[in-house]
Amino acid sequence: MGMSTLDREGHEAAEILSRARLTVDPALRTAVGSLPESMRRIAGYHFGWLNADGSPAYGDAGKAIRPALVLAAAHALGGQPGPAAPAAAAVELVHNFTLLHDDVIDRDATRRHRPAAWAVFGTDDAILAGDALQALAFRLLTEDTHPAANRAATRLAECVIELCDGQHADSEFERRADVSLNECLAMAEAKTGALLGCACALGALYAGADDTTADALDAFGRQVGLAFQLIDDLIGIWGDAVVTGKPVGADLAARKKSLPVVAALRSGTLAGAELARIYVGGDPLSTDDVVRAAEAIERAGGRDWAQAQACDRMAGAIDHLSAVVPDGVAAGDLLALAELVTRRNR
Ligand SMILES: CC(C)=CCC/C(C)=C/CC/C(C)=C/COP(=O)(O)OP(=O)(O)O
């Protein structure tokens with residue numbers, strides 16, 4: 001029996017991701033390898049290259065979606081992957097810096113099927129390792145002789161500031177009962193969309209595109225990023241822990257105001273009111289209450305809303321892209337990655 005279209009697309013996206021991993025890994029390993037032993041140990045553990053005792057490991061370094069977007073955007077605008085590799089590595093370093101810090105902020109003890117770095121090395125050292133990764137990202141760009149490197153560094157810096165603002169809003173929303181859906185969408189765009197947008201913009205710049213074209217690629221990536229966060233929130237509630245490498249239901253247990261949750265709370269339904277009652281209080285939700293909360297979100301329409309929003313964002317993303325990228329095969333990788341985002345289960 002032949003492969004269905006979806007299987008074929010999934011296969012293609014998996015290949016694009018593994019190609020991106022192969023392209024950025026040497027730059028990542030060289031950068032991390034240049035760190036002093038103290039930081040190298042923690043960063044190496046976080047990337048899955050080392051065990052906690054410093055011995056070699058073959059762990060999960062992540063899906064490489066952001067570097068793949070850098071390379072695919074460069075390709076879509078007529079560039080080659082090689083010259084864009086430092087930009088792809090810089091974006092992946094920033095992503096991993098935010099993961100190290102995010103796990104500390106959220107006290108999430110599991111990351112990529114293993115104890116999070118802070119749970120192994122302590123919060124202070126995990127924060128420092130995150131800082132070191134961010135510094136490596138900017139060093140890669142400032143040492144790069146590509147004509148776009150300077151503008152790329154400026155865009156990445158603006159992006160990091162936006163990520164911080166988004167993460168701040170995320171934490172603030174935990175303490176507020178009146179978060180609107182628009183506030184929540186804006187938070188997700190800043191926390192997650194900004195870096196996917198920046199990845200696409202950097203790819204465009206490294207292909208020699210002007211700032212207007214890079215802005216359009218940024219807008220494309222942001223919409224893909226919003227879809228990515230919507231799906232991330234859905235996986236966090238209804239995903240499979242074995243596949244995601246993170247405990248399912250942790251966001252609900254921590255009473256997080258993820259997008260499906262806010263959609264349900266704001267739905268004006270009885271199920272939404274039931275969820276609001278479950279969400280009152282300070283302690284983590286019990287396992288029973290996590291199950292009840294997930295059911296209430298579903299009955300209130302939060303699950304369907306998030307899925308539909310993710311599809312809408314994908315359509316919006318493609319509109320941004322078709323405004324600047326000529327038709328043809330060059331945009332195929334970008335589209336396959338965007339598709340993957342809405343179909344992923346990890
Ligand atoms: C400044 C600061 C701390 C900001 C935090 C921003 C933050 C952590 C946003 C969450 C983004 C997200 C869904 C990451 C998972 O990416 P992924 O599934 O692609 O991860 P992978 O690399 O493991 O595949």
Checklist entry - Between Leu335 and Val325, is there a shared hydrophobic cluster once you connect ILVMFWY residues whose side-chain heavy atoms come closer than 4.5 Å? => result yes

Restricting to non-hydrogen atoms, name the atom on [X] and the atom on [Y] that form the minimum distance, rounded to 0.1 Å.
X: Phe220; Y: Cys200; answer: CD2-SG, 3.9 Å
X: Ala52; Y: Arg41; answer: O-NH2, 3.1 Å
X: Ala90; Y: Ala137; answer: O-CB, 3.4 Å
X: His46; Y: Leu100; answer: ND1-CD2, 3.6 Å

Applying side-chain contact (heavy atoms from CB on, under 4.5 Å), can you list everything that pairs with [X], at least two apart in sequence or on another chain?
X: Ala132; result: Leu35, Met39
X: Thr192; result: Leu196, Phe228, Gln229
X: Arg299; result: Ala271, Glu274, Glu295, Ala296

Checklist entry - Mind checking whether Val94 and Leu133 have side chains closer than 4.5 Å, heavy atoms only? => result no

Checklist entry - Heavy-atom distance under 4.5 Å between the side chains of His168 and Ile105, does that happen here? => result no

Check: [Y] main-chain N/O paired with [X] side-chain donor or acceptor under 3.5 Å:
X: Ser55; Y: Asn51; answer: no
X: His320; Y: Ala216; answer: no
X: Trp118; Y: Asp108; answer: yes

Salt bridge (Lys or Arg N to Asp or Glu O under 4.0 Å) involving [X] - partner list, sequence neighbours excluded:
X: Arg176; result: Glu172, Asp178, Glu183
X: Asp102; result: none
X: Lys191; result: Asp170

Nearest-0.5 Å distance, [atom1] of residue [X] to [atom2] of residue [Y]:
X: Leu340; Y: Glu12; atom1: CG; atom2: CD; result: 10.5 Å
X: Asp304; Y: Gln307; atom1: CG; atom2: CD; result: 8.0 Å
X: Ile42; Y: Phe47; atom1: CD1; atom2: CZ; result: 13.0 Å
X: Leu77; Y: His75; atom1: CG; atom2: NE2; result: 10.5 Å
X: Leu202; Y: Leu71; atom1: CG; atom2: CG; result: 11.0 Å
X: Glu92; Y: Ile65; atom1: CD; atom2: CD1; result: 9.5 Å

Checklist entry - If you count the non-hydrogen atoms of other residues, nucleotides and ligands that lie under 6.0 Å from CD in Glu174, is the total more than 12? => result yes

Next on the checklist: Heavy-atom count check: over 12 atoms from other residues, nucleotides or ligands less than 6.0 Å from Asp319 CG?
Outcome noted: yes

Next on the checklist: Working note: Arg303 + Ile237, criterion side chain to side chain contact (heavy atoms under 4.5 Å, CB included); need CA distance, chi angles, decisive distance, verdict.
Outcome noted: CA-CA 9 Å; Arg303 185 177 189 171; Ile237 303 174; over 6 Å; no

Of all pairs that satisfy salt bridge (Lys or Arg N to Asp or Glu O under 4.0 Å), the ones with a partner from [range], not counting sequence neighbours:
range: residues 202-226; answer: Arg151-Asp211, Arg155-Asp211, Arg155-Asp215, Arg155-Asp218, Glu162-Arg222, Glu189-Arg222, Asp218-Arg222
range: residues 115-131; answer: none
range: residues 305-316; answer: none
range: residues 55-71; answer: Asp60-Arg346

Checklist outcome for this item: Under a side-chain separation threshold of 4.5 Å, the hydrophobic residues clustered together with Leu22 are none

Checklist entry - When clusters are formed from ILVMFWY side-chain contacts under 4.5 Å, directly or step by step, what else is grouped with Leu205? => result none

